Amino acid sequence: VTKDKSLFESLDTLMNTHLGNIENSEVGYNFEIYTKPIIENINGYKWLFVPEVYADNDEAISELFHQGPDFCLYHGMIEGAIDFYHDDKTSLIYNRSITMKRAYFNMVKYYTACGHIHQRVSLIPYIKPDNMMQKEKNMKLWYTGSMFAHNMSDAGLKKGYDIVSFDERDGTWVTEFIEVDSPKFITINATAEFYKLDITTLTNLYLNKINNNNGAFMRLDID
């Protein structure tokens, strides 16, 4: 747990602005910032917290998974998390950080919610990003996606956060995606209009996007 308070102001704003509706008025809420992998006992459950780890191997982290945590909050890459990145090694260095083997997450009794990549996707079971906007029951391993759009790589992606309702009676849970207002990034494929020199159609397409998406950032793509 870090003593650095520099992130607390932003997190407090996030909690008050977007998550205030789920605050328990009697208990309130608090949060910790974890800078190293650790298992904490919270309300009778073992929670494994794994921030992004920069190391030569996954030995220390895999040891924590073998302790059988009930829940895990993980930040980092997992094999198969993005379409063009499927590696079957136990661990490797990707962008200077560890990539975890997907099998480790089967050691978590209930579920693992992840951050790192900006789009939503479930890995256990596999649910492609386009189908990740519905309520899901008992997803075991998924990426929540970024809460806000940051650049053109987020174009077309819905942004928000998850509310996970856990039922202690039978150990089941439901994950619900809550969409929030976010900066909009839009890409327009202008290839056909460019090669036809059809400036009128392209201009109308562009103006239509402006009128329907006030304040959006837009980019013209030409193949």
Side-chain angles (χ1 to χ4, degrees), residues 1-4 7-8 11 14-15 19 22 24 27-82 85-95 97-117 119-127 132 135-147 161-177:
V1 180
T2 181
K3 300 297 183 182
D4 180 10
L7 294 178
F8 278 66
L11 288 171
L14 171 65
M15 297 292 287
L19 305 184
I22 62 171
N24 185 318
V27 178
Y29 55 74
N30 54 46
F31 48 82
E32 302 285 356
I33 299 174
Y34 292 90
T35 58
K36 295 181 180 180
I38 190 173
I39 288 182
E40 296 273 36
N41 288 299
I42 302 175
N43 295 332
Y45 293 97
K46 293 165 65 175
W47 285 80
L48 171 57
F49 297 94
V50 184
E52 188 168 10
V53 176
Y54 300 93
D56 295 328
N57 61 69
D58 68 354
E59 185 176 345
I61 304 177
S62 63
E63 182 179 335
L64 294 174
F65 276 98
H66 279 87
Q67 293 184 32
D70 295 304
F71 305 96
C72 176
L73 296 179
Y74 176 85
H75 186 108
M77 184 61 75
I78 302 170
E79 60 177 20
I82 50 182
Y85 188 72
H86 294 271
D87 199 289
D88 58 4
K89 297 178 182 177
T90 299
S91 68
L92 63 141
I93 305 302
Y94 177 79
N95 194 26
S97 64
I98 284 178
T99 294
M100 292 299 294
K101 190 172 179 63
R102 186 167 14 179
Y104 284 142
F105 296 91
N106 281 316
M107 301 178 186
V108 179
K109 183 175 181 179
Y110 297 114
Y111 66 78
T112 301
C114 307
H116 188 66
I117 60 177
Q119 68 178 5
R120 295 171 55 74
V121 62
S122 173
L123 301 182
I124 304 176
Y126 177 71
I127 302 173
M132 280 287 288
K135 282 188 177 181
E136 296 289 346
K137 185 175 181 180
N138 295 349
M139 281 195 304
K140 191 169 180 63
L141 171 64
W142 75 96
Y143 279 87
T144 63
S146 58
M147 187 169 177
Y161 57 90
D162 289 330
I163 293 179
V164 183
S165 302
F166 182 74
D167 191 335
E168 292 188 279
R169 295 170 299 179
D170 58 7
T172 61
W173 61 95
V174 174
T175 305
E176 180 180 6
F177 173 71

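It should be emphasised that the depicted structure is a prediction, and the values quoted were computed from it without experimental measurement.
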Quiz item: Are Tyr74 and Tyr104 an aromatic pair by the rule of ring centers under 6.0 Å?
Solution: no
Exercise. Rounded to the nearest 0.5 Å, what's the gap from OG1 on Thr175 to CZ on Phe166? Could you check?
Key: 11.5 Å
Quiz item: Are any non-hydrogen side-chain atoms of Lys140 and Leu123 less than 4.5 angstrom apart?
Solution: no
Self-check item: For the student: nearest non-hydrogen atoms of Thr99 and Ile78, plus distance
Solution: CG2-C, 3.9 Å
Quiz item: Once you round to the nearest 0.5 Å, how far does CG of Asp70 lie from CD1 of Ile42?
Solution: 11.0 Å
Practice problem: Might you confirm whether atom CG of Asp170 has over 12 heavy atoms from other residues, nucleotides or ligands at distances under 6.0 Å? | Solution: yes
Quiz item: Picking from Glu40, Lys109, Glu168, what satisfies side chain to side chain donor-acceptor pair (under 3.5 Å) with Tyr45?
Solution: Glu168
Quiz item: Taking the side chain from Asp167 and the backbone from Trp173, do they hold a donor-acceptor pair closer than 3.5 Å?
Solution: no
Quiz item: Rounded to the nearest 0.5 Å, how far does CD of Gln67 lie from OG of Ser62?
Solution: 10.5 Å
Quiz item: For Pro51 and Pro37, which heavy atoms make the closest approach, and how far apart are they?
Solution: CD-N, 3.7 Å
Quiz item: When rounded to the nearest 0.5 angstrom, what distance separates OG1 in Thr144 from CD1 in Ile117?
Solution: 9.5 Å
Quiz item: Would you say Tyr143 and His116 make side-chain contact, with heavy atoms under 4.5 Å?
Solution: yes
Quiz prompt | Nearest-0.5 Å distance that lies between atom CG in Leu64 and atom CD1 in Ile39 | solution = 5.0 Å
Quiz item: Is there side-chain contact between Ile38 and Trp47, with heavy atoms separated by less than 4.5 Å?
Solution: no
Quiz item: If you take all heavy atoms of Met139 and Pro125, which pair is closest and at what distance?
Solution: CA-CD, 4.3 Å
Quiz item: Would you call the rings of Trp142 and Tyr111 parallel, tilted or perpendicular, where under 30° means parallel and over 60° means perpendicular?
Solution: tilted
Practice problem: Check whether any side-chain heavy atom of Glu176 lies under 4.5 Å from a side-chain heavy atom of Asp162, and answer yes or no. | Solution: no
Quiz prompt | Minimum side-chain heavy-atom gap Thr112-Val50 below 4.5 Å | solution = no
Self-check item: Pair Lys101 + Asp58: basic N to acidic O under 4.0 Å
Solution: no
Quiz item: Within the distance-only criterion (no hydrogens, no angle test), does the side chain of Glu79 pair as donor or acceptor with the backbone N or O of Arg102 below 3.5 angstrom?
Solution: yes
Quiz prompt | Pairwise distance CD1(Ile124) to CG(Asn138) - rounded to 0.5 angstrom | solution = 13.0 Å
